[in-house]
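Here is the structure we will look at.
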Amino acid sequence: MYRSKITGTGHYVPDNVVTNDDLSELMDTSDAWIQERTGIKERRWVAKGSDDTTSKMGTEAARMAIQNAGLKPGDIDFIIFATLSPDYYFPGPGVQVQENLGIKEIGALDVRNQCSGFVYALSVGDQFIKTGMYKNILVIGSELHSGGLDKTTRGRGVSVIFGDGAGAVVLQRSEKENTGILTSHLHAEGKHAKELALLGPNTAHWVDAIIAENDPDDLSYYPHMNGNFVFKHAVTRFQEVIHEALQSTGLKTSDIDLLIPHQANLRISQYIQQKMGLPPEKVFNNIMKYGNTTAASIPIALSEAVQENRLKEGDLLCLAAFGSGFTWASSLIRW
Ligand code: ACO
């Protein structure tokens, strides 16, 4: 059977660094509060006037991943793009990447699974490779959150957490046994959909109603997050889904060489690391620099981990994510 191997990684973040102190000029918050609760020191927010968009950042990350895989854009035969912040309500940004990279009329699929989006997208790519349908798949996670956040004290529980950026991988067919993606596990619990959601506009509150109401205080246009509730579910689900992946492959926690959890909150990553008995050096975190970049967080972290030589051939890499939906997912990869 064919296996799917990550052969190239890439990432792109906007230049504009926004520190916690910068945020305290916009709202009632502090560097001490943000660092203590989340571990975040700074994040990247696309600057006013910049032409960075979700699709453009995704394209830049993809270019780097394709180059690192030793391929040309024309070698790619399918695109999967995970995001909750597409440039447009429709179409999704996969087609824009195809256009930006000048690739012929290959398929482009958009995945809407928020913080779990990249792990879901990777698992979809894995299936296409295993069946023999495609050989070189581009899997991208990209987010532009900053334009849609409530940057006042009213929105501080959400807006201080999120950052902009993109990451990408090339997933390639391999015929080598016991290599690449070993297993993927996907879960969802829709009863908690509204605990972490952006509800406006929606099909029950469509454009004519929005225009008629013209209500500047309509909070449905900003992301809503029941932070404590999400936190409690996240710490449980992360561990469950990692153990599920280990059990299904007969591997142990001690076999993991590197865990890249979705960068939601440094406290969540540290809690999982301690509960699972992993040494800190086996868990990769970069939320301190970028905040939570949702679908982009894992591929950005993976690209940086590769740049820092944190993965060598044969290592066991675990990816795990939890977020809006609720959705959660894991993947075990033999590097
Ligand atoms: N600065 C200062 N004070 C603040 C801020 C801020 N930025 N935000 C909230 N506060 C205040 C609150 O008003 C509250 O004050 P009060 O006690 O006087 O009422 C107090 O701080 C505590 O607020 P909580 O919301 O209870 O803070 P908590 O410790 O839960 O931390 C946080 C909030 C960081 C959001 C945390 O709950 C969290 O990380 N949750 C999980 C996030 C997550 O994993 N999301 C999933 C992925 S995202 C996705 O899928 C899109």
Side-chain angles (χ1 to χ4, degrees), residues 18-43 45 54 82-86 111-121 141-165 186-190 192-199 222-241 260-272 285 287-288 290-298 300-301 319-329:
V18 178
T19 64
N20 294 340
D21 287 334
D22 292 334
L23 293 186
S24 59
E25 287 173 20
L26 301 173
M27 62 188 85
D28 182 12
T29 190
S30 66
D31 179 48
W33 191 97
I34 300 171
Q35 284 211 49
E36 189 195 315
R37 305 282 176 130
T38 71
I40 300 167
K41 294 183 177 162
E42 57 190 42
R43 74 285 294 138
W45 279 0
T54 295
T83 187
L84 66 66
S85 51
V111 168
R112 295 291 310 270
N113 286 80
Q114 300 68 247
C115 294
S116 312
F118 183 77
V119 185
Y120 264 75
S142 177
E143 303 286 359
L144 199 162
H145 287 304
S146 58
L149 298 171
D150 179 358
K151 301 188 188 92
T152 68
T153 298
R154 188 178 64 179
R156 65 184 178 174
V158 174
S159 53
V160 302
I161 297 172
F162 290 100
D164 303 336
L186 313 176
H187 292 280
E189 195 177 25
H192 299 311
K194 289 188 179 168
E195 302 295 346
L196 177 47
L198 195 153
L199 299 176
Y222 294 118
H224 161 76
M225 178 165 71
N226 183 349
N228 262 302
F229 188 79
V230 175
F231 194 105
K232 284 180 193 146
H233 282 256
V235 291
T236 309
R237 296 307 195 183
F238 266 113
Q239 292 179 77
E240 271 178 20
V241 79
I260 302 185
H262 161 55
Q263 302 291 290
N265 183 324
L266 187 61
R267 307 298 160 232
I268 295 178
S269 295
Q270 288 169 335
Y271 183 89
I272 299 161
N285 288 303
I287 190 169
M288 306 74 87
Y290 302 130
N292 178 346
T293 56
T294 309
S297 93
I298 289 180
I300 294 174
L319 309 179
F322 176 88
S324 161
F326 292 155
T327 58
W328 60 102

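Remember, it's 1-based here, ligands and their atoms both numbered in the order they're listed. FYI, side chains are in, hydrogens and waters are out, and symmetry mates aren't considered; it's all heavy atoms of this structure. If you're wondering where the values come from, they're calculated on a predicted model, not measured in any experiment.
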Any N/O of [X] closer than 3.5 Å to an N/O of ligand 1?
{"X": "Asn228", "result": "yes"}
{"X": "Trp33", "result": "yes"}
{"X": "Ser30", "result": "no"}
{"X": "Gly227", "result": "yes"}
{"X": "Ser324", "result": "yes"}

Once you measure the plane-to-plane angle for His187 and Trp328, does it fall in the parallel (<30°), tilted (30-60°) or perpendicular (>60°) bin?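 The arrangement is parallel - the two ring planes meet at less than 30°.
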
In terms of ring plane angle, is the pair His192 and Phe229 parallel, tilted or perpendicular, where the classes change at 30° and 60°?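 His192 and Phe229: perpendicular rings.
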
Nearest protein heavy atom to [atom], by residue and atom, and its distance?
{"atom": "atom 39 (O) of ligand 1", "result": "Asn265 ND2, 2.6 Å"}
{"atom": "atom 32 (C) of ligand 1", "result": "Ile161 CD1, 4.3 Å"}
{"atom": "atom 1 (N) of ligand 1", "result": "Thr29 OG1, 2.6 Å"}
{"atom": "atom 12 (C) of ligand 1", "result": "Arg156 NH2, 3.9 Å"}
{"atom": "atom 45 (N) of ligand 1", "result": "Val230 CG1, 3.4 Å"}
{"atom": "atom 48 (S) of ligand 1", "result": "Cys115 SG, 3.1 Å"}
{"atom": "atom 34 (C) of ligand 1", "result": "Thr38 CG2, 3.6 Å"}
{"atom": "atom 28 (P) of ligand 1", "result": "Arg37 NH1, 3.6 Å"}

Under 4.0 Å from a heavy atom of [X]: give me the atoms of ligand 1 that qualify, with their elements.
{"X": "Gly323", "value": "50 (O)"}
{"X": "Asn292", "value": "47 (C), 48 (S)"}
{"X": "Val160", "value": "7 (N)"}
{"X": "Gly157", "value": "8 (N), 35 (C)"}
{"X": "Ile268", "value": "44 (O)"}

Heavy-atom count around Lys41 NZ within 6.0 Å, excluding the residue itself: above 12?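 Check fails, neighbour count at 12 or below.
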
In Å, rounded to the nearest 0.5 Å, how long is the span from [atom1] of [X] to [atom2] of [Y]?
{"X": "Ile298", "Y": "Phe118", "atom1": "CD1", "atom2": "CZ", "result": "7.5 Å"}
{"X": "Trp33", "Y": "Arg156", "atom1": "CH2", "atom2": "CZ", "result": "7.5 Å"}
{"X": "Thr327", "Y": "Leu196", "atom1": "OG1", "atom2": "CG", "result": "9.0 Å"}
{"X": "Arg154", "Y": "Asp28", "atom1": "CZ", "atom2": "CG", "result": "14.5 Å"}
{"X": "Asn20", "Y": "Gln35", "atom1": "CG", "atom2": "CD", "result": "6.0 Å"}

Short N-O contact, Arg267 and Glu36, less than 4.0 angstrom: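 Salt bridge absent between Arg267 and Glu36.
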
Using a 4.0 Å heavy-atom cut-off, which part of Phe162 comes near ligand 1: side chain, backbone, both, or neither?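 The answer is the side chain of Phe162.
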
Yes or no, since that's all I need: does a protein heavy atom fall within a distance strictly under 4.0 Å of [atom]?
{"atom": "atom 30 (O) of ligand 1", "answer": "yes"}
{"atom": "atom 14 (C) of ligand 1", "answer": "no"}
{"atom": "atom 18 (O) of ligand 1", "answer": "no"}

Does at least one non-hydrogen atom of Met225 fall below 4.0 angstrom from an atom of ligand 1?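 Contact present.
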
Step by step, would you call Glu143 with Thr83 a side-chain hydrogen bond (donor to acceptor under 3.5 Å, both in side chains)? CA-CA 6 Å; Glu143 303 286 359; Thr83 187; 3.0 Å; yes

Is the closest side-chain donor-acceptor distance between Asp21 and Thr19 under 3.5 Å?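 There is no such pair between these side chains.
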
Under the side-chain hydrogen bond (donor to acceptor under 3.5 Å, both in side chains) test against His145, which residue among Asp164, Thr294, Thr54 passes?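 Option passing the side-chain hydrogen bond (donor to acceptor under 3.5 Å, both in side chains) with His145: Thr294.
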
Would a distance-only check, ignoring hydrogens and angles, find a side-chain to backbone donor-acceptor pair under 3.5 Å from Thr38 to Ile40?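 The answer is yes, because a donor-acceptor pair under 3.5 Å joins these two groups.
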
Quickly, which of Thr293, Ile268, Ile287, Asn292 forms a side chain to side chain contact (heavy atoms under 4.5 Å, CB included) with His262? Name it, please.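 Filter result, single survivor: Asn292.
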
